[in-house]
Chemist: 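Mind looking over this structure? Questions follow.
FYI, side chains are in, hydrogens and waters are out, and symmetry mates aren't considered; it's all heavy atoms of this structure.
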Amino acid sequence: MARTVIAGNWKMNMTPSETKAFIETLKPMVAGKDKCDIVICAPYVDLATAVEAAKGSNIKIGAENVHFEAKGAYTGEVSCAMLKEIGCEYVIIGHSERRQYFGETDTTVNLRVKAALAAGFKVILCLGEVKEQRLAGITDEVVSMQTKLDLAEVSEDDLKNVIIAYEPVWAIGTGLTATPEQADETCGVIRDTIAVIYSSKAAKEITIQYGGSMNDKNAAELLAKKNVNGGLIGGASLVPEKFTAIVDAANA
Ligand code: PEP
């Protein structure tokens, strides 16, 4: 029931001219592969170029963050209205690099999620445990708590526009991947939490992606798991052939 979504997170990579070339290369490679939604999330300065280049294709464009205030004295920030006007449809919120390096907390993640949903975006909400939490055996408690805090005051209706990306922090950009069993189990814990705070219908319908060194080699095995409805892909989304191979695995 949950729609599979394959999303790239470019992080701080690609200039506007590189963006145009990349999307134009990717378009024919993923054309007609409609068993999943395909999203590229790019740096702010690339977004207008990406939206223009992706026109008429099955590639959707997303930002990597958004501020929760509508406007004002927030130097360096970007608002929902700004992203809307250029045609951006998705936004990543709560990525572990934002939490780790830029002081993002569950409170600010929740504010951003609510603002983005009110503005009509599809939100890719990232959460996941750090290595010490997994080693301490508290992964389930951590992801369940993050799910509750990050989605506080989000209605079941608005939840239809939320994708959760389960990203164990120890697996992001490290080359370490959660085993398919670990990914399935923890995505299952998140799904059970959604059932508790919303309903079993919402739990069945929500897309829960795995993210953390997913690539062209391991995607098929991860995506075959019942609770894994797609991937959020960093490094491998910078190479059209690798990203396409992951889209292909989702279309097999
Ligand atoms: C990410 O940026 O969300 C991510 C999962 O990165 P990588 O695939 O490089 O681990």
Side-chain angles (χ1 to χ4, degrees), residues 5 7-23 39-55 59-128 130 146-147 149-154 158 161-174 209 211-212 232-238 243:
V5 180
N9 172 21
W10 280 359
K11 313 193 187 197
M12 197 172 73
N13 293 290
M14 301 276 191
T15 64
S17 60
E18 289 167 343
T19 297
K20 186 169 188 286
F22 183 101
I23 302 280
V39 186
I40 293 289
C41 298
Y44 292 133
V45 293
D46 297 331
L47 291 171
T49 307
V51 168
E52 187 57 34
K55 268 193 186 136
I59 303 168
K60 310 281 186 211
I61 303 301
E64 298 175 13
N65 194 17
V66 70
H67 200 264
F68 44 86
E69 294 292 350
K71 58 164 71 173
Y74 303 100
T75 304
E77 293 296 325
V78 164
S79 73
C80 290
M82 294 170 190
L83 296 178
K84 268 270 139 181
E85 191 169 315
I86 61 164
C88 191
E89 289 179 65
Y90 287 74
V91 61
I92 295 175
I93 295 178
H95 191 278
S96 66
E97 287 151 16
R98 301 290 324 164
R99 296 179 192 249
Q100 204 175 341
Y101 306 133
F102 302 101
E104 197 80 63
T105 64
D106 288 313
T107 304
T108 55
V109 168
N110 176 246
L111 288 170
R112 290 179 207 275
V113 167
K114 288 188 288 187
L117 290 170
F121 287 100
K122 290 193 189 302
V123 167
I124 301 177
L125 166 64
C126 301
L127 52 89
V130 298
Q146 288 175 325
T147 304
L149 293 173
D150 296 350
L151 292 175
E153 297 169 357
V154 170
D158 278 345
N161 288 318
V162 175
I163 292 163
I164 296 179
Y166 164 57
E167 300 209 300
V169 180
W170 48 270
I172 298 177
T174 59
Q209 300 173 314
L232 182 59
I233 298 115
S237 73
L238 296 167
F243 188 70

Chemist: Hey, are the side chains of L127 and R99 touching, using non-hydrogen atoms and a 4.5 Å cut-off?
Modeler: yes

Chemist: Say whether, by atom type as modelled, one donor and one acceptor occur between the side chain of W10 and the main chain of I40 under 3.5 angstrom.
Modeler: no

Chemist: How about C126 and E167: do any of their side-chain heavy atoms sit closer than 4.5 Å?
Modeler: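 Answer yes - side chains close enough.
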
Chemist: Work out which heavy atom in V66 is nearest to a heavy atom in C80; give both atom names and the distance.
Modeler: CG2-N, 3.5 Å

Chemist: Return the set of residues passing side-chain contact (heavy atoms from CB on, under 4.5 Å) with V154 (not counting sequence neighbours), or none when no residue passes.
Modeler: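 side-chain contact (heavy atoms from CB on, under 4.5 Å) check on V154 returns V113, K114, L117, L151, D158, Y198.
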
Chemist: Can you name the closest pair of heavy atoms from F243 and G8 and give their distance?
Modeler: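 In this case the closest contact between F243 and G8 is CE1-N, 3.7 Å.
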
Chemist: Looking at side-chain heavy atoms only, is the closest gap between H95 and I172 below 4.5 Å?
Modeler: yes

Chemist: Show the nearest heavy-atom pair for residues T49 and P16, with the distance to one decimal.
Modeler: CG2-O, 3.5 Å

Chemist: To the nearest 0.5 angstrom, please state how far the CD atom of E104 sits from the CG atom of D106.
Modeler: 9.5 Å

Chemist: Using side-chain contact (heavy atoms from CB on, under 4.5 Å), reason through I163 and V39 one step at a time and then give a plain yes or no.
Modeler: CA-CA 12 Å; I163 292 163; V39 186; over 6 Å; no

Chemist: So do the side chains of E64 and P43 get within less than 4.5 Å of each other, counting heavy atoms only?
Modeler: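 A side-chain contact exists here, since the closest heavy-atom pair is under 4.5 Å.
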
Chemist: Looking at K20, I'd like to know if its NZ atom is crowded, meaning that more than 12 non-hydrogen atoms belonging to other residues, nucleotides or ligands lie closer than 6.0 Å.
Modeler: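 Open.
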
Chemist: Identify the heavy atoms of L47 and A42 that sit nearest to each other, and give their distance.
Modeler: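 Looking at all heavy atoms of both residues, the shortest contact is CD2-O, 3.6 Å.
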
Chemist: I need the minimum non-hydrogen distance between A63 and Y44, along with the two atoms involved.
Modeler: CB-CE2, 4.1 Å

Chemist: Quick one: does D46's side chain get under 4.5 Å of E18's, heavy atoms only?
Modeler: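 Answer no - side chains too far apart.
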
Chemist: Just wondering, do L232 and I92 contact through their side chains at under 4.5 Å, heavy atoms?
Modeler: yes

Chemist: Just by distance, no angles: are the side chains of Q100 and S96 close enough, under 3.5 Å, to form a donor-acceptor pair?
Modeler: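 Checked: Q100/S96 side chains show no N/O donor-acceptor pair below 3.5 Å.
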
Chemist: Taking the side chain as every heavy atom from C-beta outward, state whether F102 and N65 have any pair of such atoms under 4.5 Å apart.
Modeler: no

Chemist: With no hydrogens and no angle check, is any side-chain donor or acceptor of N110 less than 3.5 Å from a backbone partner on D150?
Modeler: yes

Chemist: So, do K60 and K122 sit near enough that their side-chain heavy atoms are less than 4.5 Å apart?
Modeler: no

Chemist: Roughly how far, to the nearest 0.5 Å, is the CZ atom of R112 from the CD atom of E69?
Modeler: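 So the CD of E69 and the CZ of R112 are separated by 10.0 Å.
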
Chemist: Check whether T174 reaches the backbone of W170 with its side chain - one donor and one acceptor, N or O, closer than 3.5 Å.
Modeler: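 Yes, the answer is positive, given that a donor and an acceptor are paired below the 3.5 Å cut-off.
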
Chemist: Quick check: closest heavy atoms across H67 and A115, and the distance to 0.1 Å?
Modeler: O-CB, 4.5 Å

